[in-house]
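Okay, so here's the structure we're looking at.
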Amino acid sequence: MRRVAPVLLALAMAGCGLRGPRLALPPGATVESLLAGLEARRAAVRSMRARVQIRAGLAQVWAREAVVVERPRAVRVDVLSPLGLALALGTDGDRLWVFPPQEGLRYEGPATPENLARFFGTAVTSEDLVDVMLGLPPRRVPAATPRSERLRGGMLRVVVPFADGEQLLDFGGPPAHVRRAEELRRGSLVMRIDFDDYRDGFPWRVDLHGADGVAASVRYIQVERNVALDPAVFQPPPAPRVLPLEAIEVRR
């Protein structure tokens, strides 16, 4: 079995409080306006190219990474070392591939939530992964009318019931931004994301926690939004050998 260190996300959450002061929302903020604001952000940003620092896994070592994202389902992450590319992985929404260039081979398989969980810490869809990388909680279609709960410090929690769980979105301001997203399925917390350091409507600091204890911290260094991306970026690099994803043992 070959071993590949985890490269990015434990896409969400359990433990650890919000950083910094909890600021009250501006007057007039409602469930409808807050959710509409999230949808407006989703519609406004379709792609991103970014430089980031990631701290993930048990070693908790910061790594430099280059990320490109495009709606609805495409992601590529390049893990960089002083000598160049150390590891690349990506998905176009259908196929997930992992490419360690020093090994002269490529691993690939279907981009199922189970396969994504092996590298990003929790079972998510490609669409969810794109949302998180673009600084947003995963989109959930309400199965009932969302409700609100007042929190300390003037923050507001919006509870979005969906098909098999609930999404808890904690908003603070000013201006109004989502500061935390939690997801419960069958009554158990399965993911949490803390968003911080908002600049121009984008959180440059994202802390991720999984129900099994896997965690990652993402610090954006440079962000370019709505860039034109060649679809070939998300396709796997050529390699003389291709093995199934099951051949990889992921260290955590």
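All values reported here derive from a predicted model rather than from experimental measurement.
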Can [Y] be reached from [X] by stepping across I, L, V, M, F, W or Y side chains whose heavy atoms are under 4.5 Å apart?
{"X": "Leu134", "Y": "Val75", "value": "yes"}
{"X": "Val132", "Y": "Phe234", "value": "no"}
{"X": "Val79", "Y": "Leu129", "value": "yes"}
{"X": "Val45", "Y": "Leu35", "value": "yes"}
{"X": "Tyr198", "Y": "Val223", "value": "yes"}

Nearest 0.5 Å, please: how far is [atom2] in [Y] from [atom1] in [X]?
{"X": "Glu70", "Y": "Asp92", "atom1": "CD", "atom2": "CG", "answer": "11.0 Å"}
{"X": "Gln53", "Y": "Leu80", "atom1": "CD", "atom2": "CG", "answer": "11.0 Å"}
{"X": "Ser33", "Y": "Phe171", "atom1": "OG", "atom2": "CZ", "answer": "8.5 Å"}
{"X": "Arg46", "Y": "Arg71", "atom1": "CZ", "atom2": "CZ", "answer": "6.0 Å"}
{"X": "Arg49", "Y": "Arg51", "atom1": "CZ", "atom2": "CZ", "answer": "9.5 Å"}
{"X": "Gln102", "Y": "Leu105", "atom1": "CD", "atom2": "CG", "answer": "9.0 Å"}

### Message
side chain to side chain contact (heavy atoms under 4.5 Å, CB included) for Leu156 and Leu151? Distances and angles first, verdict last.
### Response
CA-CA 6 Å; Leu156 186 72; Leu151 303 177; over 6 Å; no
### Task
Would you check if the distance from the ring center of Phe202 to the ring center of Tyr220 is below 6.0 Å?
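Ring centroids of Phe202 and Tyr220 are less than 6.0 Å from each other.
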### Query
Is it true that atom CZ of Arg42 has more than 12 heavy atoms of other residues, nucleotides or ligands lying nearer than 6.0 Å?
yes
### Message
For Arg186, I'd like to know if atom CZ has over 12 heavy atoms of other residues, nucleotides or ligands within 6.0 Å.
### Response
no
### Task
Determine, for Trp97 and Arg106, whether the Lys NZ or Arg CZ falls below 6.0 Å from the six-membered ring centre while staying within 45 degrees of the axis.
no
### Task
Using the ring of Phe195 (Phe, Tyr or Trp, six-membered ring only), decide whether Arg179 places NZ or CZ under 6.0 Å from its centre and within 45 degrees of its axis.
no
Least distance between heavy atoms, [X] atom then [Y] atom:
{"X": "Leu184", "Y": "Phe162", "result": "O-CZ, 4.3 Å"}
{"X": "Gly104", "Y": "Pro240", "result": "O-CG, 3.1 Å"}
{"X": "Arg64", "Y": "Pro82", "result": "NH2-N, 4.3 Å"}
{"X": "Ile221", "Y": "Val52", "result": "CD1-C, 4.0 Å"}
{"X": "Gly173", "Y": "Leu25", "result": "N-CD2, 3.9 Å"}
{"X": "Thr91", "Y": "Ala111", "result": "OG1-CB, 3.4 Å"}

### Query
Going by an N to O cut-off under 4.0 Å, is there a salt bridge joining Arg219 and Asp197?
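No.
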### Pair Asp128 + Arg140, salt bridge at N-O below 4.0 Å
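Answer for the salt bridge query: yes.
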Note, [X] side chain near [Y] side chain (heavy atom, < 4.5 Å):
{"X": "Pro137", "Y": "Val178", "answer": "yes"}
{"X": "Leu169", "Y": "Leu38", "answer": "yes"}
{"X": "Trp62", "Y": "Ile54", "answer": "no"}
{"X": "Val242", "Y": "Glu108", "answer": "yes"}
{"X": "Glu39", "Y": "Arg139", "answer": "yes"}
{"X": "Arg205", "Y": "Pro203", "answer": "no"}
{"X": "Val31", "Y": "Pro146", "answer": "yes"}
{"X": "Arg157", "Y": "Met155", "answer": "no"}

### Query
Arg73: what forms a salt bridge (Lys or Arg N to Asp or Glu O under 4.0 Å) with it, not counting sequence neighbours?
Asp94
### Task
Begin with the C-alpha distance, continue with both residues' side-chain angles, and end with the deciding distance and a verdict on side chain to side chain contact (heavy atoms under 4.5 Å, CB included) for Asp194 and Val206.
CA-CA 6 Å; Asp194 289 337; Val206 180; over 6 Å; no
### Query
Do Met191 and Arg185 pass the side chain to side chain contact (heavy atoms under 4.5 Å, CB included) test, and can you show the C-alpha distance, the side-chain angles, and the key distance before you say yes or no?
CA-CA 9 Å; Met191 62 175 65; Arg185 294 177 184 264; 5.6 Å; no
### Task
Go through Gln167 and Val159 one step at a time and tell me if the side chain to side chain contact (heavy atoms under 4.5 Å, CB included) criterion holds.
CA-CA 6 Å; Gln167 186 181 58; Val159 181; over 6 Å; no
### Task
Please determine, by modelled atom types, if Gln235 and Arg95 share a side-chain donor-acceptor pair under 3.5 angstrom.
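Distance-only check passes for Gln235 and Arg95.
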### Query
Are Asp207 and Ser217 linked by a side-chain donor-acceptor pair shorter than 3.5 Å?
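There is such a pair between these side chains.
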